[in-house]
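Below is one structure; the comments refer to it alone.
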2 protein chains.
Amino acid sequence: MTTENIEELLLRHGVKPTAQRVVICEYMIGTKSHPTADDVLQAVARKLPVALSRATVYNTLNCLVNAGIIREVVTEPDRTRYDANMSDHHHFVDVKTGKILDIPAEEIARLHPTIGDNYKVHSYQITFFGEIVKNK
Amino acid sequence: MTTENIEELLLRHGVKPTAQRVVICEYMIGTKSHPTADDVLQAVARKLPVALSRATVYNTLNCLVNAGIIREVVTEPDRTRYDANMSDHHHFVDVKTGKILDIPAEEIARLHPTIGDNYKVHSYQITFFGEIVKNK
DNA sequence: GTCTTGGTTTAGACTTATTCTAAATGCAGA
DNA sequence: TCTGCATTTAGAATAAGTCTAAACCAAGAC
Ligand SMILES: [Mn+2]
Ligand SMILES: [Mn+2]
Ligand SMILES: [Zn+2]
Ligand SMILES: [Zn+2]
């Protein structure tokens, strides 16, 4: 995706496209990994002419989350990961490598609880978020 | 559950039943909430005649997890919760109160993705843990 | 073109959950 | 009773993330 398109994307979501935001957003959209804030800092810092602070990375990631451009992924305690794939999907964590893969929601509805031949599921967890309805 | 039963449970899992471990384990088994380490410390400290250190709470909870007596539950970044319900189940997080309820696995297989009339699901997430199988 | 202003970025301090360290404690067996 | 080893402890250390206060900067007003 071009820089212009990234700027348009940000504007469309009501986010002022600063240099730092553009390059962070560009990185997020260009990766299928589910990077931590620190991953983003490492990857993006060298692309920018100016210095990039940790605070800006967190500010920007939170900003993008609030704008609905990326989302948080919580698979382990103590570090939040970020994901520019906003389609309805779930995650497969390879316990060997720690890599996180996207699993489209349709596949899960169909193949649940076995995802497919390419994955050996050790365990899986469904976390629901919602409200309790008190109907007597 | 009586203290003797707790001690037997610990011994059966190869854990030496010290006073601290017994009371922490007893607390875990007696609650359906999914407490954090700090919740456990608060609740258990006053029951013990001696002081109870934060380190011991973490040591014991990790010990119980390794022994297969309790398990960790990760639903949000930055705090691990613990759960003595070792049956095959998933979790429903009430976003209003933060309370975590157990959902037996059978119910999910049947009612997926709607859990039932008593819950309004805002969103849910399935996290798989396993390995990638390279079959050509 | 300069001035003003509010949003953005920054470095570093701070907070909080968890782990680590090294010393003290306390049982179980010799 | 003595010894050894696991356990517990207080507090230091670590690490993710937030906060603060100052510096920066882009856009509009003049
Ligand atoms: Mn933590
Ligand atoms: Mn954190
Ligand atoms: Zn994803
Ligand atoms: Zn549970």
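Atom set for the values below is all heavy atoms of this structure, side chains included, hydrogens, waters and symmetry mates excluded. Letters A, B, ... are given to chains in the order of the sequence lines, protein chains preceding strands, and every chain is numbered from 1.
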What nucleic acid atoms does [X] come within less than 4.0 Å of, heavy atoms only: base, sugar-phosphate, or nothing?
X	answer
N59(B)	base
T36(A)	nothing
T56(B)	base

Rounded interatomic separation in angstrom, taking [atom1] from [X] and [atom2] from [N]:
X	N	atom1	atom2	value
Q20(B)	dT8(D)	CD	P	5 Å
L61(B)	dT8(D)	CG	P	12 Å
Q42(A)	dA15(D)	CD	P	13 Å
E76(B)	dA16(D)	CD	P	18 Å
L41(A)	dG12(C)	CG	P	14 Å
Y82(B)	dA17(C)	OH	P	12 Å
R21(A)	dA26(D)	CZ	P	13 Å
I24(A)	dT9(C)	CD1	P	8 Å

Let's see if you can work this out: which of [options] has an atom nearest to the side-chain heavy atoms of [X]?
X	options	answer
A55(B)	dT9(D), dT9(C), dT10(C)	dT9(D)
Y58(B)	dT18(C), dT9(C), dT8(D)	dT18(C)
R79(A)	dA17(C), dT8(D), dA16(D)	dA16(D)
K16(A)	dT8(D), dT8(C), dT9(C)	dT8(C)

Does either side chain, that of T36(A) or that of D39(A), offer a donor lying less than 3.5 Å from an acceptor on the other one?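 Yes, because at least one side-chain N or O of T36(A) sits under 3.5 Å from a partner of the opposite role on D39(A).
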
Does the side-chain contact (heavy atoms from CB on, under 4.5 Å) test come out yes or no for Q20(A) and V57(A), once each step is laid out? CA-CA 8 Å; Q20(A) 290 87 343; V57(A) 172; over 6 Å; no

Do you know the tightest heavy-atom contact between S33(A) and P35(A)?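 So the two residues come closest at O-CD, 3.1 Å.
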
Any T18(B) side-chain nitrogen or oxygen under 4.0 Å from OP1 or OP2 of dT8(D):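 The answer is yes; a side-chain N or O of T18(B) sits under 4.0 Å from OP1 or OP2.
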
Is the backbone N or O of S87(B) less than 3.5 Å from a side-chain atom of H89(B), with the two atoms forming a donor-acceptor pair by type?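 Answer holds: yes.
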
Kindly say whether, by distance alone, the side chain of R54(A) makes a donor-acceptor pair under 3.5 Å with the base of dT10(C)?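 Under the 3.5 Å cut-off, the side chain and the base do not form any donor-acceptor pair.
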
pair E72(A)-R81(A): side-chain heavy atoms closer than 4.5 Å: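 Of all side-chain heavy-atom pairs linking R81(A) with E72(A), none is under 4.5 Å.
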
